[in-house]
Amino acid sequence: MLGIARRKVGLGVFSATILEQALQRALTAGSVLPKKYSTTAKEQMTVREALNTALDEEMSADPKVFLMGEEVGEYQGAYKISKGLLEKYGPDRVLDTPITEAGFAGIGVGAAYYGLRPVVEFMTFNFSMQAIDHLINSAAKSNYMSAGQISVPIVFRGPNGAAAGVGAQHSQCFAAWYAHVPGLKVLTPYSAEDARGLLKAAIRDPDPVVFLENELLYGESFPVSAEVFDSSFCLPIGKAKIEREGKHVTITAYSKMVGYALQAAEILSKEGISAEVINLRSIRPLDRDAINASVRKTNRLVTVEEGFPQHGVGAEICMSVIEESFEYLDAPVERIAGADVPMPYAANLERMAVPQVDDIVRAAKRACYRSVPMAAAA
Amino acid sequence: MSAFSAVRILFPPVVAARSAGEKPSAPFLPSLAVPGLTRSPLRAPRLGRPLLAVSSDVLSGQKPLGSNSSPSSHAAVSREEALVLYEDMVLGRVFEDMCAQMYYRGKMFGFVHLYNGQEAVSTGFIKLLEATDSVVSTYRDHVHAVSKGVPARAVMAELFGKTTGCCRGQGGSMHMFSSTHNLLGGFAFIGEGIPVATGAAFSSKYRHEVLKQSNPKGLDVTVAFFGDGTCNNGQFFECLNMAQLWKLPIIFVVENNLWAIGMSHLRATSDPEIWKKGPAFGMPGVHVDGMDVLKVREVAMEAIGRARRGEGPTLVECETYRFRGHSLADPDELRKAGKLEILFI
């Protein structure tokens, strides 16, 4: 089984180190991942640990918070995000559901209407399509329809977007779909700090929040500052983060693409192009102020996303910049997105269907008028 | 002799049989006594017998291996038919084992869900179908594809992402399609295939009645395969209703292997006896030992015959077991290894 565990994280299995740590911890009392980590020069935290500890702390602080979803309890979470929570909080607060997304999403919304704070997990956000009526019609719209009488403090969370080789029905990015709807908040963490701070904020938020994680990021480790470990640590919803400052071109990205954008920025810096990378963190509300301020500084924009291009997040960002900062643009705005095709299964095709670091580099160069004309695929 | 008499079957209760003035003792429970169940009024029914994961007579020790006592319930198969069944099951098993081997060597990737242990269900049903009949499956679809006639080479090539695969590498393990063999998928979402299958059955009836395309053999039949977890999903119930309402030529085959990833069927389902859900919608519900290909085949013959004659759908619950985890990435920690699970409720 460790042989399987050592495969790429992208196959939906946690890395070997997590497995070994988890096995050790499972043997000691209290199998929830501990908050204190062995000190090294820089504290590290994986996204998985960040989510697990955030859930644990919020459930501990507020007895109205409960977790519901498939395999969240005895299986310790389909991707082990809810490891140890069943032992700690019991089956009344960590509920394994049957395979009934429409049913349990609706049950979560009803519980939220009536005073509780559910966290509903979708094994992947693809499965949320079976429940989307409840996310939109009974969660997002009720505060408005009831003229503020009903608030729905619910969080829908789970992995979103492409993994590795999981085919067309398991690979779609839903950020644009949910961000389209007034009444929803849509968050897309990238790093461990994002995951922890934004999940806590989402659980504390009085409105429905769609929390889009990424399966391939679960095992990735990020350096975090000491304040991130505090149980009151929280990030504001609706604020983007400048991951890397730059002068020549603004690159916006969210979730896994932030990592790609940072790699692209590194490559570009060697060629004399200083790219500013914005980690959006929040798709709805979108931090238009931060994006526009950045474009007014750099005068060029490239948006990056993994999802389908038409009506995507990039389309909204480009339009926002055109509306508010048109005079500041020195080049046409450009969006890099996934290919306009259902995700193919074959590995080589899948690589071509998702933006790669090269695509971002080329787009940035185009914005700076430094390179060859646009290739058909990008 | 009806195959359905060899297994427990519950037809919809005949309400009119009660004499005038007599009040039923338990108004919400059917008046038909079901052997093996103890009932008390106004409480949820509980199983009075152990629920075996594998209920084969041989494996449960009720019949010694190699026994010659003629199973009166088994329809006779000719040597040729038996060889076809045997080859199909062995092919399915060997195919899946090779997938596992390739996966662990890093040549196969993504989600791979293997069918080891459940071969009798696929073979028992699909080997009775014609080329024009259709099969709809789930992500656990390799063996259904192979049984239906998709060349094993094409299925394996698909799993490697090659252009010679049955979907040119675009679909992958969970999305096997073949229009030539009327394999209509391969779906990742639980329950997704059921409405699609119901639609295929609708199309069969429509072609016959509206377009007047007659087939001397009777209606083209659709077989929908899905698992125990799916039986709690809304789409299942919606389609049971419509299939019976419109008398569609479909067989709903539940491959009840008692586990949905790590979720036990008994933890997820208020009444675990799935075959009973058929009569709730007015169709026969049949329970069969899914580890015995001859028993499955017998039930299948009757259900397929009903559908072909236009008598409508059947719900068949096949009790079976998967010998491997949910998928090759599943650590499978929650099932007890090495033993048959015997659970008392």
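As a basis for the values below, the full set of heavy atoms in this structure was taken, side chains included, without hydrogen atoms, waters or symmetry mates. Note that the structure is predicted; figures quoted are calculated from it, not measured. Per chain, numbering begins at 1; letters A, B, ... match sequence-line order.
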Item checked: B:Phe187 portion near chain A, given a 4.5 angstrom heavy-atom threshold ->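 For B:Phe187, heavy atoms of backbone and side chain both lie under 4.5 Å from chain A.
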Note to self: Please classify the contact between B:Met263 and chain A as side chain, backbone, both or neither, with a heavy-atom cut-off of under 4.5 Å.
What the structure shows: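 For B:Met263, heavy atoms of backbone and side chain both lie under 4.5 Å from chain A.
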Next item on the list: Scan residues 169-178 of chain B for pairs that pass side-chain hydrogen bond (donor to acceptor under 3.5 Å, both in side chains), counting only residues two or more places apart or in two chains.
Entry: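 Listed by first then second residue: B:His142-B:Ser173, B:Arg168-B:Gln170, B:Ser178-B:His181.
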Result block: side-chain N/O donor-acceptor pairs under 3.5 angstrom for residues 338-352 of chain A, not counting sequence neighbours:
from     : atom 1 : to       : atom 2 : distance (Å)
A:Tyr345 : OH     : B:Leu159 : O      : 2.6
A:Glu350 : OE1    : A:Gly165 : N      : 2.9
A:Glu350 : OE2    : A:Gly165 : N      : 3.0

Notebook entry, point to check: Charged N to carboxylate O under 4.0 angstrom, B:Lys276 versus B:Asp271?
Noted result: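 The answer is yes: the pair qualifies as a salt bridge.
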Check: Does atom CZ of B:Phe202 have more than 12 heavy-atom neighbours, drawn from other residues, nucleotides or ligands, at distances under 6.0 Å?
Finding: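 Not buried by this count: 12 neighbours or fewer within 6.0 Å.
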Next item on the list: Report the relative orientation of the aromatic rings in B:Tyr115 and B:His144; use parallel for angles under 30°, tilted for 30 to 60°, perpendicular for over 60°.
Entry: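 Perpendicular: the ring planes of B:Tyr115 and B:His144 meet at over 60°.
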Next item on the list: Identify which of B:Ser327, B:Gly234, B:Gly172, B:Cys231 forms the greatest number of heavy-atom pairs closer than 4.5 Å to chain A.
Entry: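 Heavy-atom pairs under 4.5 Å are most numerous for B:Gly172.
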Notebook entry, point to check: Given the options B:Ala260, B:Gly165, B:Gly169, which has more heavy-atom pairs under 4.5 Å with chain A than any of the others?
Noted result: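 If we count pairs closer than 4.5 Å to chain A, B:Gly169 comes out on top.
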Margin query: Between A:Thr97 and chain B, with a heavy-atom cut-off of 4.5 Å, which part of the residue counts as in contact: side chain, backbone, both or neither?
Written below: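 Only the backbone of A:Thr97 comes within 4.5 Å of chain B.
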Next item on the list: Considering only heavy atoms and a distance below 4.5 Å, find which of A:Glu74, A:Met129, A:Met123 pairs most often with chain B.
Entry: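 Looking at each of A:Glu74, A:Met129, A:Met123 in turn, A:Glu74 comes out on top.
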